[in-house]
Amino acid sequence: MSYSPSELLAVTAARQLFGVTSVFAGVGIPLLSAVLAQKTHAPGLTIVVEGGTIGPQILPGRLPISTNEMRGAYRAQMLPGITDTFLYAQRGFLDVGFVGGAQIDRYGNLNSSVVGPFKTPKVRLPGSGGANDIASLCRQIIVVTMHERRRFVPKVDFVTSPGFLNGGDSRSQSGLLFGRVSRIVTNLGILGFDEQTKVVRLEGLNPGASVKEVTENTGFDLLIPDRIPVTKPPQEAELDLLRSLDPERNFL
Amino acid sequence: MSYSPSELLAVTAARQLFGVTSVFAGVGIPLLSAVLAQKTHAPGLTIVVEGGTIGPQILPGRLPISTNEMRGAYRAQMLPGITDTFLYAQRGFLDVGFVGGAQIDRYGNLNSSVVGPFKTPKVRLPGSGGANDIASLCRQIIVVTMHERRRFVPKVDFVTSPGFLNGGDSRSQSGLLFGRVSRIVTNLGILGFDEQTKVVRLEGLNPGASVKEVTENTGFDLLIPDRIPVTKPPQEAELDLLRSLDPERNFL
Amino acid sequence: MKPGDFVEARRRLEEKPRTSGEKLTTLMDAVGRVMDGDHVAIGGCLFSRTPLALLMELLRQRKRGLTISRNLMCYEGEWFMAAGAVETIVTSWFGIGLPWGLSKIMREKVEGGVVRFEEWSHLGLGLRYRAAAMGVPFLPTLTMLGSDLMGVTQTKTMSCPFTGETLCLVPALFPDVALLHVHRADRLGNCVIDGYPHMDADIAGAATTVLVTAEKIISEEEVRRYPDRTVIPGFVVDALVEVPYGAFPHECYGLYEADFTHFDAYVAEIKSKGIRAVEEYLDRYVHGAPSHQEYLALFGEERLARQAGYARELVGRS
Amino acid sequence: MKPGDFVEARRRLEEKPRTSGEKLTTLMDAVGRVMDGDHVAIGGCLFSRTPLALLMELLRQRKRGLTISRNLMCYEGEWFMAAGAVETIVTSWFGIGLPWGLSKIMREKVEGGVVRFEEWSHLGLGLRYRAAAMGVPFLPTLTMLGSDLMGVTQTKTMSCPFTGETLCLVPALFPDVALLHVHRADRLGNCVIDGYPHMDADIAGAATTVLVTAEKIISEEEVRRYPDRTVIPGFVVDALVEVPYGAFPHECYGLYEADFTHFDAYVAEIKSKGIRAVEEYLDRYVHGAPSHQEYLALFGEERLARQAGYARELVGRS
């Protein structure tokens with residue numbers, strides 16, 4: 001059966017949440033993935049949205065556009081302040097953080113601040129929002145992004161959200177003692193990191209995607225192992241659920 | 001008309017709150033004085049109790065015994081957490097703090113921790129509670145206490161709540177940049193401090209009290225100016241109100 | 001004020017004439033307390049409980065040289081840029097939301113070097129307001145460590161005296177003025193917020209002067225009946241104005257949902273006309289509507305009722 | 001745990017098996033998670049919302065070598081001293097209240113050097129729990145500066161890197177276990193508190209293991225209907241037990257007032273018999289009443305109803 005790249009991305013991301021108890025998710029595909037996981041293999045999943053909502057249940061067709069609105073707080077279990085919500089992550093209560101960015105580099109660092117120099121930017125992007133905090137404080141960070149060459153750059157112009165910084169142990173050296181980027185989930189496949197160097201490594205191909213397609217859409221040399229498993233294609237049930245959440249396809 | 005020493009103390013303390021907008025008051029005489037002031041010359045007075053109650057109105061005959069109970073929160077305007085209540089004082093929102101202690105010395109330091117050495121005390125007292133915080137953080141600290149020689153000691157065994165520490169500018173030198181002990185209100189009179197040395201000075205005598213009586217009940221040499229005004233005796237209206245608040249005389 | 005200067009901040013608070021009495025006044029009088037060059041902190045978050053009535057009055061009074069801070073800045077930031085009223089924006093994110101793309105106005109002004117964009121992480125900025133509300137010069141955190149945000153902000157790193165670990169210290173942010181919109185308040189300024197509190201209570205405690213609009217003024221009696229619902233005490237508030245739909249077309253939890261169709265139209269105009277579209281918008285909705293009632297009339301009863309209906313559905317009070 | 005050791009504290013939290021599911025269990029099972037030598041933090045304040053049912057079960061299970069901390073410690077502290085279960089008390093104040101004078105038992109044990117009394121200011125201790133709940137090693141404050149409390153605690157002073165002023169740093173306190181009593185909770189552990197929240201939310205966030213009793217278990221539906229009333233999220237809670245009158249004869253805001261006549265009798269016995277009075281009290285009320293229902297029966301329906309009536313008067317719900 002057919003599906004769009006973003007549908008494939010959402011399904012692949014949702015599957016990363018098996019056995020996870022809480023996910024800090026941004027709006028758009030990440031939140032859609034979290035809700036999909038909650039309605040399938042992760043029923044106990046607590047979704048946390050940075051606007052200060054814990055445990056919301058999304059009303060199909062009324063997907064939140066921002067991290068802080070009634071749609072995103074629908075039937076929530078708690079509405080702490082925004083600062084306190086992030087502090088739960090800093091204390092260590094939140095398992096997985098879903099983040100994205102305009103640029104991502106070979107060490108998993110993300111940029112959502114500027115293209116070009118910070119003081120005289122070529123393009124001034126919206127900024128970190130909670131991306132830096134989620135990437136700094138959650139136990140496990142999963143990057144969810146479309147796989148495009150312009151996004152996958154050798155070195156981000158600005159490290160808005162820390163991945164493995166300069167690789168090796170530079171992340172913990174900086175004082176970020178907790179949390180690590182475990183995966184980059186894209187419409188083409190699943191990327192991980194070399195244990196030592198922390199350089200991006202291809203770890204899974206989505207159905208229909210090829211190593212060639214991945215390398216062509218990646219602006220830096222990533223590690224390619226000999227054997228690369230192929231992920232299970234999206235199932236009808238997953239796609240039906242997904243589409244029922246976003247019937248107007250605002251995000252899919 | 002006749003009145004008890006504690007009634008005299010309560011009335012004298014209440015009069016210190018003229019024009020004050022908020023008072024951080026402990027239970028007992030200090031709270032009674034605050035309520036009396038609120039019902040007479042300081043109608044706009046906001047009473048703050050350390051258990052985390054802002055703006056309570058005391059129900060006559062139902063005086064709180066602790067700083068954190070329903071009697072002390074009766075018809076309150078806000079019930080923040082205890083920590084947040086003290087933080088309002090640290091930020092500078094609270095005008096006057098009423099404090100007391102088992103011992104007070106010539107620089108207005110208070111002890112409510114131990115008689116004797118801290119590690120091997122002769123008498124282990126209850127401890128600071130919020131007294132240290134009130135004395136450290138409010139804009140103006142007023143000590144409310146019975147005037148007894150055993151309380152007024154040359155040097156407290158332990159500085160639980162800071163007055164002027166070792167006198168001079170030692171308080172601000174310690175990092176306490178705000179707040180100062182402005183007065184010590186007792187059943188015998190009103191004491192202040194020398195501007196330079198910060199040594200206790202007699203500034204007012206209650207009706208019936210003499211300089212001799214004050215010095216006899218003070219365990220250190222306090223400054224005695226030539227002219228000492230005598231305070232206005234408690235008025236019938238004040239006493240009636242006071243007694244109506246504490247008909248069983250639990251504190252009076 | 002210098003970042004983290006808690007001494008000066010408390011001095012200003014102490015020098016201010018204070019009262020535990022009446023806070024009710026008019027929008028004009030309230031906003032009249034804002035001075036050119038002030039740092040104005042805005043409550044709510046993005047398009048939730050934005051104090052639009054206060055912000056529009058601020059534009060009417062043509063204040064200049066402002067610094068405005070907000071954890072997530074929505075298009076009100078574009079207004080102050082278009083009006084030439086703002087020099088520096090302090091925020092963690094600037095835009096409206098995914099469907100509306102990047103802010104054309106913000107890009108023009110910031111990329112052109114006309115307005116300074118001071119970027120913090122969301123938590124980093126939240127901790128700056130909280131440190132200020134606590135009356136301390138800074139708070140320690142792990143967030144932002146290792147990122148390039150460290151280099152473009154006034155953060156410092158220190159070695160923890162207890163553990164030896166590296167910590168990020170964010171300096172307290174003490175705004176001159178805070179603008180907030182809440183659900184209910186009594187005439188003494190005791191404020192009640194329904195739903196998510198955002199950062200409003202910290203911003204109120206952080207600022208020297210606090211201006212509040214409330215959807216509804218309630219009796220002191222009601223405040224005293226439910227004291228555990230009060231989130232900002234009266235002694236923190238300087239001026240209070242009753243302004244129903246005071247955040248419209250942004251949302252107010254439980255009362256009305258944000259009007260996304262209005263955002264669509266606003267952005268479409270900018271796409272075609274650029275900054276002139278914002279100027280025309282301000283001429284019509286701000287300067288052309290001297291009172292909030294006149295402003296709301298431009299939307300019409302029906303639209304207000306529709307958005308209120310959506311809100312009731314979403315909070316299950318329908 | 002070493003004061004301020006946020007790294008070890010987070011490690012312990014991460015190593016703990018976690019669930020976002022069912023938290024309901026029995027007092028015996030919940031308290032069974034406490035180990036000899038643990039640091040046990042007690043919620044509520046003095047005689048308000050004291051988790052007495054949990055504390056009594058802790059005594060029944062005869063744990064030893066405990067450190068117990070509480071911002072204002074009431075006579076539960078005497079119980080653990082009399083039972084020989086506690087080595088260190090961490091608090092800002094110890095007693096019942098003015099009318100009952102100094103704690104004879106506490107004086108005997110502390111002055112005799114049997115139990116260590118670690119004294120903090122009320123805010124100082126509150127900030128220690130808050131620092132821990134924030135996941136940071138310390139918080140800066142002005143409180144306690146200049147006083148002799150600085151010399152008898154693990155505080156440090158530092159020169160502020162932003163202002164150069166002297167600050168007091170209080171180290172985060174990470175209890176092994178937190179014991180809390182709240183008004184309502186759903187089976188997932190989402191907790192609701194009426195009235196003053198005291199320090200419970202910070203204590204819950206600070207501890208590695210959180211045990212909660214609730215006056216009433218409510219439906220998940222009710223929690224979702226009023227999410228802005230939740231003060232402790234389910235993912236912070238490890239075990240939950242429904243215990244009506246779980247703080248009696250201490251108070252629970254709006255539900256029952258503290259029974260001062262019971263305090264009178266308790267103290268009178270100690271005045272005449274000393275520590276033996278406490279041992280007899282524990283034999284009767286704790287070991288003699290294996291369940292909380294049996295314990296409440298010793299007070300009688302009438303007494304419970306009377307105290308509930310007083311509460312309704314005081315919160316104007318009568």
Side-chain angles (χ1 to χ4, degrees), chain B residues 27-28 50-53 59 62 65-71 73-76 79-84 86-87 89-90 109 111-113 116 118-133 135-137 156 158-162 165 170-171 173-178 250-251, chain D residues 44-48 71-72 91-99 102-103 106-107 110-111 113 117 119-124 126-127 129-130 141-149 151-152 157 165-168 195-202 251 253-254 257-258 260 310-311 313-316:
Chain B
V27 290
E50 78 180 72
T53 67
L59 189 60
R62 303 286 281 276
I65 291 162
S66 73
T67 56
N68 39 268
E69 62 183 87
M70 285 176 274
R71 295 177 177 197
Y74 183 66
R75 289 175 51 78
L79 300 174
I82 292 166
T83 300
D84 294 312
F86 284 116
L87 290 176
Q90 181 164 272
N109 301 305
N111 174 18
S112 50
S113 299
F118 186 83
K119 287 205 158 70
T120 55
K122 191 138 53 59
V123 183
R124 174 62 239 198
L125 302 164
S128 163
N132 169 278
D133 308 303
S136 302
L137 305 174
V156 290
F158 186 90
V159 178
T160 308
S161 308
L165 299 176
S170 57
R171 181 184 166 103
Q173 283 302 317
S174 76
L176 293 175
L177 304 173
F178 306 104
N250 290 317
F251 301 100
Chain D
C45 183
L46 196 60
F47 49 73
S48 175
N71 54 330
L72 302 184
T91 188
S92 79
W93 195 90
F94 192 117
I96 304 179
L98 289 171
L102 299 180
S103 165
M106 182 275 278
R107 284 195 57 190
V110 175
E111 291 167 18
F117 187 119
E119 180 177 351
W120 294 79
S121 78
H122 203 170
L123 174 59
L127 289 174
Y129 291 129
R130 178 156 296 178
T141 180
L142 295 183
T143 211
M144 294 193 288
L145 282 170
S147 77
D148 288 337
L149 289 171
V152 298
T157 57
E165 303 295 351
T166 302
L167 300 170
C168 166
Y196 21 67
H198 298 319
M199 298 181 180
D200 290 36
D202 285 337
E251 71 152 47
Y253 182 94
E257 188 178 33
F260 301 127
Y310 292 156
E313 286 168 33
L314 288 166
V315 298

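Order of the sequence lines sets the chain letters (A, B, ...), proteins ahead of strands, with each chain counted from 1.
- With a 4.5 Å cut-off on non-hydrogen atoms, B/Thr67 touches chain D through its side chain but not through its backbone.
- Nearest heavy atoms, B/Glu69 versus D/Phe47: OE1-CZ, 3.4 Å.
- Rounded to the nearest 0.5 Å, atoms OG (D/Ser48) and CG (B/Asn68) are 5.5 Å apart.
- Contact annotation for D/Glu165: only side-chain heavy atoms (C-beta onward) come within less than 4.5 Å of a heavy atom of chain B.
- Contact of the D/Ser147 side chain with the B/Thr160 side chain is not registered, since no non-hydrogen atoms from C-beta on lie closer than 4.5 Å.
- Contacts between D/Asn71 and chain B at a heavy-atom distance below 4.5 Å involve the side chain alone, from C-beta outward.
- Residues meeting the side chain to side chain donor-acceptor pair (under 3.5 Å) test with B/Asp133, sequence neighbours left out: D/Ser121, D/Thr143.
- Separation of atoms OG (B/Ser161) and CG (D/Leu149) is listed at 7.5 Å; rounding is to 0.5 Å.
- Only the side chain of D/Leu102 has a heavy atom closer than 4.5 Å to any heavy atom of chain B.
- Contacts of D/Thr157 with chain B are absent, with no heavy-atom separation under 4.5 Å from either backbone or side chain.
- Of the listed residues (B/Gly130, B/Gly175, B/Ser174, B/Gly129), the one with the most heavy-atom contacts under 4.5 Å to chain D is B/Gly129.
- Options B/Lys122, B/Met70, B/Arg171 differ in how many heavy-atom pairs under 4.5 Å they form with chain D, and the most are formed by B/Met70.
- Taken to the nearest 0.5 Å, the CG atom of B/Asn132 stands 11.5 Å off from the CH2 atom of D/Trp120.
- Here CZ of B/Phe178 is found 7.0 Å from CG of D/Leu142. Values are rounded to the nearest 0.5 Å.
- If you measure heavy-atom distances from B/Gln90 to chain D, the contacts under 4.5 Å come from the side chain alone.
- Here the shortest heavy-atom pairing between B/Ala73 and D/Tyr196 reads CB-CE2, 3.7 Å.
- Heavy-atom pairs under 4.5 Å with chain D peak, among B/Val123, B/Thr120, B/Leu165, at B/Val123.
- Heavy-atom pairs under 4.5 Å with chain B peak, among D/Asp200, D/Val152, D/Leu167, at D/Val152.
- Contacts of B/Phe158 with chain D are made by both backbone and side-chain atoms, with heavy-atom separations under 4.5 Å.
- The side-chain heavy atoms of B/Leu125 and D/Glu119, taken from C-beta on, include no pair separated by under 4.5 Å.
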Task: Working for side chain to side chain contact (heavy atoms under 4.5 Å, CB included), residues B/Arg62 and D/Tyr310 - done: CA-CA 10 Å; B/Arg62 303 286 281 276; D/Tyr310 292 156; 3.9 Å; yes

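- Interface summary for chain B: among D/Pro99, D/Gly126, D/Pro197, D/Cys168, the most heavy-atom pairs under 4.5 angstrom belong to D/Pro197.
- Under 4.0 Å is where a charged nitrogen must lie from a carboxylate oxygen, and between B/Arg71 and D/Glu251 no such pair does.
- Of all the listed residues (B/Glu50, B/Gln173, B/Lys119), the one sharing the greatest number of non-hydrogen pairs under 4.5 Å with chain D is B/Glu50.
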Open item on the list: Using side chain to side chain contact (heavy atoms under 4.5 Å, CB included), reason through B/Ile65 and D/Leu98 one step at a time and then give a plain yes or no.
Closed with: CA-CA 7 Å; B/Ile65 291 162; D/Leu98 289 171; 5.6 Å; no

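- Here the side chains of B/Thr83 and D/Leu123 are in contact, with some heavy-atom distance below 4.5 Å.
- Partners of B/Arg75 according to the side chain to side chain donor-acceptor pair (under 3.5 Å) rule, which considers only residues two or more places apart in sequence or in another chain, are B/Gln57, C/Glu221.
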